[in-house]
Amino acid sequence: MLSNKFTPLSRVVNAALTDTYADAGVGQHRYSHWAARGLRKLVTERLSLPIRRALLPVNRNTMTATLPIGFENEIFVGFIEKGARVPLPYNRNLINIESVECEGSANCQACGQEAFDASDIEPQMDVEIVTIGGVDFEQITIKTIIASGNIVIDRKVPFLNTDTSQVEFRETRDVELLAKKSCGCIDWDVSKNAVRGISSDLCDCYCSKRTSSCSRSRGSYKILEDAGLIQLDEDFTSDRLYIEYTSFISKVNGEYMVPSIAFETLVNWSKFKAVENNKSVPVYERKWYLDRYKEERGNMNKSLGKVKLSSIVSIASRLPKFDITN
Amino acid sequence: MANLLEVAELSWRQLFPNPSNLPSIKKEEFIATARSEYAFQSLLRYYNEKGQNGYSEVNSILLDEDEFNVVDNEIDLSQTRIMRGLPNDMWLQNVGGLVCSFEYMKTTLNAWQLLKDDDCLPDGTYPYIIIGQSIRFPLGTHKSKLKIIYAGSGKRVNDRIEIDDVIGGIIRTRLVEIYGGKVGQEDVSNNGQTQG
């Protein structure tokens, strides 16, 4: 059990300086460094990490939220609705597109839309069978998207020439204009029907992905520790993300706080670090300081492992198969 | 127990017993030497104590407290007489005064360069580094004037301060060693002969 009492790290430093008769002017900075390292070591190895809660603003453009300072691991990610927290599932497939390098085409400076490269689109050919006089003929339609963003439709249509009584082919060319934005870029949302008729793949790349089906997803998340972000998907609608996380030891009122139970352990740790690599200190003396640290740490572990007898009695008395008589 | 002035007087009379003679040095210089010698002997006592006990503190009688201006996060001490002989810059005992609500921490240039990005210090701590004859505050200070407690070189030692007999004896012996047989009387005659 961890004591709820805390002591400022500076007291650990002062205690170590006092014990070693060290000059504060020479040792305070170094002892502070060693004490902080010792605290991180103890927190990582033995003491429980503090749990913190935060409401993070969400960037609706990138669907990201910035991880709080000191973030170590998430315990809960979700949002607050009607006073209750609603969890979000983890989605390992989410990526932060802003961090992906764009290769090739440049974006429009006005609307940010990726430049359209018509050479990537293969013309689409449709063949329709037309029967004239009991004979089947092919009516070929070829749709091509050109660089200007228009659709050129070339048709080869069979017809019966009444003068010659022969079936001949008429070739036509039509141009269908795609809707354009004011900057000249193709408005894919408006043009998706026309485009879908040519290439469904193209539509998937450039058109809006929203479907008419009802979606019950409240969103999902993924932690991007390298970027310091939480990536959310587009189904997340709230402006604030609620997160519970373990934090690497944090300062309280601007200073690291040490659990009282770990005070002596840290003091002895600091004293040991002061001599550990000091060549003027004999090896047996360095070992003596190390042994003192280990002794105090052992005492701390024993205290952490202790359970009050009253707690044992209380727990046992709640179990029906145990009959505790006072 | 005698005071420093009495010890200096005793040495003076030992060196120049005839009051009618005019020594070539001034008495004020002689007393100033006594003050410096007192500070030096205090320093030696510090080393002795440290050697015997493993630690020692700066003799409190050597400590002075003054207020200095802070200009561009720097305090100039070039005009201050400081006992620089103390090891590890122990001459600088405190910045900010005893009742300052802000935390000032002495550090070294080496430690600062290694640990300046370390967040081990409490927020709002103002470190300071001694560089040459100035004190620099890499993170600034909270005021434009700061009190400093430091070990002076004897300038402020009150001539009538009581000193223990051991130190007094050592100072007397040292003054005689310094000036004995080396400083003659001033020649006030016109016959060219040195007076004894």
Side-chain angles (χ1 to χ4, degrees), chain A residues 6-43 69-72 247-258 266-267 269-271 273-275 277-278 280-282 285 288-289, chain B residues 46-47 49-59 63 82-84 86-96 98 101-131 135-139 142 148-151:
Chain A
F6 290 85
T7 308
L9 188 71
S10 56
R11 290 201 186 169
V12 171
V13 174
N14 292 340
L17 287 169
T18 302
D19 287 353
T20 55
Y21 299 97
D23 179 18
V26 176
Q28 190 173 5
H29 203 172
R30 290 181 186 270
Y31 275 68
S32 298
H33 168 73
W34 288 319
R37 278 169 63 182
L39 180 61
R40 290 191 194 105
K41 178 181 167 66
L42 278 182
V43 168
I69 295 173
F71 172 86
E72 184 73 10
S247 167
F248 212 57
I249 48 169
S250 56
K251 290 184 175 179
V252 177
N253 295 328
E255 191 168 6
Y256 284 124
M257 301 302 282
V258 176
L266 268 183
V267 169
W269 164 262
S270 302
K271 286 153 63 175
K273 291 301 287 183
V275 300
N277 294 301
N278 191 336
S280 65
V281 176
E285 192 172 332
W288 183 85
Y289 278 103
Chain B
Y46 163 83
Y47 279 115
E49 280 182 5
K50 190 172 175 65
Q52 290 173 8
N53 304 330
Y55 74 98
S56 183
E57 304 281 349
V58 175
N59 197 342
L63 297 178
I82 297 167
M83 180 175 285
R84 297 249 180 206
L86 289 170
N88 297 322
D89 287 324
M90 282 183 69
W91 59 267
L92 183 55
Q93 289 284 295
N94 177 274
V95 168
L98 295 176
S101 57
F102 288 84
E103 182 75 22
Y104 284 91
M105 183 198 71
K106 185 162 78 172
T107 184
T108 63
L109 182 63
N110 184 45
W112 175 249
Q113 287 180 127
L114 292 171
L115 302 173
K116 62 184 174 185
D117 293 330
D118 194 299
D119 64 345
C120 59
L121 299 176
D123 293 349
T125 298
Y126 296 97
Y128 57 92
I129 305 168
I130 302 167
I131 298 180
I135 301 172
R136 296 196 194 165
F137 300 83
L139 298 182
H142 79 290
I148 292 180
I149 300 176
Y150 62 96

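Throughout, protein chains are lettered first and strands after them, A, B, ... in sequence-line order, and every chain is numbered starting at 1. All figures in this text were calculated on a predicted structure; none of them were measured in a lab.
From Glu255(A), atom CD reaches atom CG of Asp119(B) across 12.0 Å, with rounding to the nearest 0.5 Å. Put simply, OG1 on Thr107(B) and NE2 on His33(A) are 12.0 Å apart, with the number rounded to the nearest 0.5 Å.
Arg30(A) and Leu115(B) get closest at one heavy-atom pair: CA-CD1, 4.4 Å. Summarising the geometry of Ser32(A) relative to Cys120(B), their closest heavy-atom pair is O-CB, 3.4 Å, with the distance given to 0.1 Å.
Using a 4.5 Å cut-off between heavy atoms, Glu57(B) makes no contact with chain A at all.
Atom CG of Asn53(B) sits in a crowded spot, with more than 12 heavy atoms from other residues, nucleotides or ligands closer than 6.0 Å.
For chain A, the option among Leu121(B), Asn94(B), Asp89(B) with the highest count of heavy-atom pairs below 4.5 Å is Leu121(B).
Legend: residues meeting ring pair (Phe, Tyr, Trp, His ring centres under 6.0 Å) with Tyr21(A), ordered by chain and number and at least two apart, are Tyr55(B). In this view, Trp34(A) and Tyr31(A) satisfy the ring pair (Phe, Tyr, Trp, His ring centres under 6.0 Å) rule, not counting sequence neighbours.
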